[in-house]
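Each ligand, and each atom within it, is numbered from 1 in the order the structure gives.
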Amino acid sequence: MGKTTFLINFAEYLGAKTIEFEFAFPDGTKFKKKYPCKSAISDLVDENSHKTLALQGATLEIPVGKGKKKIQVIDTTGLIDGIHEDPKVRRSISQTIYEVLNSQMIIHIIDGSAVTKEDLPSSPSEVDFQISQIARLKKGYVILVNKMDLPGAEEGLKIIEEKFHGNVIIPVCAINKKGFKEVKTFVAYNL
Ligand SMILES: Nc1nc2c(ncn2[C@@H]2O[C@H](COP(=O)(O)OP(=O)(O)OP(=O)(O)O)[C@@H](O)[C@H]2O)c(=O)[nH]1
Ligand SMILES: [Mg+2]
């Protein structure tokens with residue numbers, strides 16, 4: 001959890017005051033909307049899962065050497081094990097998997113605080129392992145262990161480091177932008 005929060009706050013960290021999203025829904029509907037970063041958070045982030053049901057693309061400017069490079073980052077719906085009961089969620093999950101297969105770089109976000117909690121959906125889940133198998137074949141694949149501000153996240157991070165050994169793993173906190181410098185360096189290096 002925290003994909004949308006990460007993308008909006010990462011844009012802000014890189015100096016953007018506004019963020020323009022291009023929404024692409026599974027039924028083919030497409031539109032663009034520009035938000036001040038703060039309103040993007042209030043409109044597009046929710047504590048309940050499956051808030052994002054479209055591909056949400058935004059252009060970010062990453063400093064590379066003395067210049068800047070524009071990259072297209074796509075926020076997606078969350079993947080789950082098994083088959084979701086809501087067809088809308090199922091369609092956006094298949095849209096997400098298609099996008100994962102076709103993207104150059106994958107930023108895979110796992111909730112570090114949920115690993116040791118029994119009342120939350122299992123983290124990392126089977127689908128996280130499957131995604132990592134596909135994504136590690138790409139030039140740029142990084143796992144962000146999010147919610148490092150919450151209790152249990154340090155322990156969760158250790159478990160993820162063992163289970164996903166051999167991959168690049170960066171602990172982050174998407175709400176307070178912790179770890180973002182390391183993410184920026186990773187992205188710039190792998191462009
Ligand atoms: N404590 C804490 N909460 C966070 C962090 N990142 C995100 N959240 C919260 O987690 C919840 C879900 O955040 P989203 O950014 O909507 O997560 P998402 O992965 O986009 O979720 P879906 O679009 O539903 O798949 C919100 O209540 C956020 O405020 C974090 O680093 N720490
Ligand atoms: Mg989201």
### Query
Near Cys173, which atoms of ligand 1 are under 4.0 Å from a heavy atom of that residue?
31 (O)

### Message
Taking the basic N atoms (NZ, or NE/NH1/NH2) and the acidic carboxylate oxygens, is any pair closer than 4.0 Å for Glu12 and Lys17?
### Response
no

### Task
Report yes if some N/O of Thr77 lies less than 3.5 Å from some N/O of ligand 1; otherwise report no.
no

### Task
Could you state whether Leu157 and Val183 fall into the same hydrophobic cluster, counting links through intermediate Ile, Leu, Val, Met, Phe, Trp or Tyr residues with side-chain heavy atoms under 4.5 angstrom apart?
no

### Message
Please verify the inter-ring angle class for Phe31 with Phe25; under 30° counts as parallel, over 60° as perpendicular, anything in between as tilted.
### Response
parallel

### Summary
Value for CG (Leu14) from NZ (Lys184), rounded to nearest 0.5 Å, stands at 7.0 Å

### Query
Side chains of Thr4 and Thr52: do they bring a donor and an acceptor to under 3.5 Å?
yes

### Task
Distance to 0.1 Å, residue and atom name: give those for the protein heavy atom nearest to atom 27 (O) of ligand 1.
Glu47 CA, 3.4 Å

### Query
Between Thr76 and ligand 1, is there a nitrogen or oxygen pair with a distance under 3.5 Å?
no

### Query
To which protein heavy atom is atom 13 (O) of ligand 1 closest, and what is the distance rounded to 0.1 Å?
Thr5 OG1, 3.6 Å

### Message
Would you compute the distance between atom NZ of Lys88 and atom CD1 of Ile93 and round it to the nearest 0.5 angstrom?
### Response
14.0 Å

### Message
I want to know if ligand 1 touches Thr52 in the polar sense, i.e. an N/O pair below 3.5 angstrom.
### Response
yes

### Query
When you look for heavy atoms under 4.0 Å from ligand 1, do you find them on the side chain of Asp149, its backbone, both, or neither?
side chain

#### Entry: Thr52 near the Mg ion (ligand 2): N/O/S under 2.8 Å
yes

### Ligand-side contact atoms (ligand 1) for residue partner Leu150, heavy atom cut-off under 4.0 Å
1 (N)

### Query
Taking distance alone, with no angle check, do Thr4 and ligand 1 share an N/O pair under 3.5 Å?
yes

### Query
Between Gly2 and ligand 1, does any nitrogen or oxygen pair lie at a separation below 3.5 Å?
yes

### Query
Which heavy-atom pair separates Ala11 from Ile19 by the least distance, and what is that distance?
CB-CD1, 3.8 Å

### Message
How close do Ala16 and Cys37 get, counting heavy atoms only, and between which atoms?
### Response
O-SG, 3.7 Å

### Task
Take the angle between the ring planes of Phe164 and Phe129 and call it parallel below 30°, perpendicular above 60°, tilted in between.
parallel

### Task
Determine, considering heavy atoms only, which of Met1, Met148, Gln56 sits nearest to atom 21 (O) of ligand 1.
Met1

### Query
Should Val172 be counted as touching ligand 1, given the test is an N or O pair under 3.5 Å?
no

### Residue pair Pro151 / Ser113: nearest heavy atoms and the distance that separates them
O-CB, 4.2 Å

### Query
For atom 28 (C) of ligand 1, which protein heavy atom lies nearest, and how many Å away is it?
Val45 CG1, 3.8 Å

### Summary
atom 8 (N) of ligand 1: of Lys3, Lys177, Lys147, Lys51, the nearest heavy atom sits on Lys147

### Query
Short list, please: which atoms of ligand 1 are under 4.0 Å from a heavy atom of Ser49?
24 (O)

### Message
Heavy atoms only, cut-off 4.0 Å: how does Asn146 contact ligand 1, side chain, backbone, both, or neither?
### Response
side chain

### Query
What protein heavy atom is closest to atom 12 (C) of ligand 1, reported as residue, atom name and distance in Å?
Asp46 O, 3.2 Å

## Note on the structure
Counting from 1 in the order shown, the ligand 1 atoms closer than 4.0 Å to a non-hydrogen atom of Gly78 are 25 (O)

### Query
Within a reach of under 6.0 Å around CD of Gln130, are more than 12 heavy atoms found that belong to other residues, nucleotides or ligands?
yes

#### Entry: Modelled atom types, side-chain donor and acceptor of Asp111 and Ser123, under 3.5 Å
no

### Query
Near the Mg ion (ligand 2), is there an N/O/S atom from Thr5 that is less than 2.8 Å away?
no

